[in-house]
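Both ligands and their constituent atoms are indexed starting at 1 by order of listing. Along the sequence shown, the residues carry numbers beginning at 1.
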Amino acid sequence: MEIKVTQAKTNRTRPKDSDLGFGQVFTDHMFVMDYSGEKGWHDPQIVPYANFSIPPSAMVFHYGQAIFEGLKAYKTTDHKICLFRPRDNFKRMNRSAKGMCIPQIDIDFVMDALKQLIRLEEKWIPETLGTSLYIRPTIIATDPFLGVRASITYKFFIILSSVGAYYAEGLNPVKIWVSKDHVRAAKGGVGEFKTAGNYAASLIASEKAKKDGYAQVLWLDAIERKYIEEVGAMNIFFLIGDELVTPNLTGTILPGITRYSVISLAKKWGMAISERKLSIEEVFTAHENNTLKEVFGSGTAAVISPVGEIRYGDKVISIGDGTPGETAMKFYTALTDIQYGKAEDSEHWIEAIE
Ligand SMILES: Cc1ncc(COP(=O)(O)O)c(C=O)c1O
């Protein structure tokens, strides 16, 4: 399929790297294509970033049939543009699509479209270490229909946003709050898919956590309310003694690409790494026994986010001394060195945009 390009007439400039937050500054162009039962995916275009015209009856607004992805393009120290495991994001998007009755996309085609879009938007990629161009591929259901069923028509789009350094002031450990009253996902549901409703469902607990001064919610399983699942928009790792533990994927957790990367590096470095059930009691007991050494989240936005405090009802534990742990830092440095081209890409995770 040929991608039609319409150049934007605007000549906006990128804000200073130090003024960039997250997800506020959008670039001049976006990629769009449509799906219909007869034509499949068709009419791929790069067009000026602008509002869509979608009827209020479009199914996405009523029944939330929507999936998305989040990944980043980095400017390396020698001015190359690199993507980190982008095909894994599109594979995950296709898994989400299957789970939400949305048609599959052709990964090679959308990779080419993404590269073409980024080449056109090069000036929007910030250069300071830690900054990046955030990429948001999305698919929404567009049938103008109020009956409940899978839509027949869809819109796929990719928008880009220049984002600032997540850790402009260094990696400060965050405080997390274990949700007792709310759950994120149940087995047999859609927790493992990156679908909009999962984020809507998480808001009430995260608003409560924020009111209490906590940055993120730590989710427990929906049935026994005992086993740790994930934290906010991140997966989670615990260093207990010499064992690095992360919850196993049981269908309720988003399979993070950073999570897979941490597991691969841990194996490569000869660490004892387990993907297993981990109860909140085990974590609190390990803390009592002084074997809970580190806790950190993993995800595209922060890469690695050290955790300094966990609250579970009335019980609060502190982890570490207020500075990031050695293991969290080791993963953070290894991953960001690969992303910014400072270390050899020994795992073949980087896809450069020529
Ligand atoms: C709910 C949830 N869990 C985990 C992750 C981490 O996934 P990744 O490492 O692919 O960014 C994300 C972010 O995408 C998320 O939204």
Y332 ring center within less than 6.0 Å of Y167 ring center: yes
Ring centre gap for F238 and F296 strictly below 6.0 Å: no
Close-range residues for ligand 1, whose non-hydrogen atoms fall below the 4.0 Å threshold: R92, R184, K194, Y199, E230, G232, A233, M234, N235, L254, G256, I257, T258, S298, G299, T300
Qualifying residues under salt bridge (charged side-chain N to carboxylate O under 4.0 Å, His left out), relative to K115, sequence neighbours excluded: E351
Test item: D17 side-chain N/O and E127 main-chain N/O as donor-acceptor pair under 3.5 Å: yes
F156-Y35 aromatic ring centre distance below 6.0 Å: no
Between Q65 and S151, a side-chain donor and acceptor under 3.5 Å: no
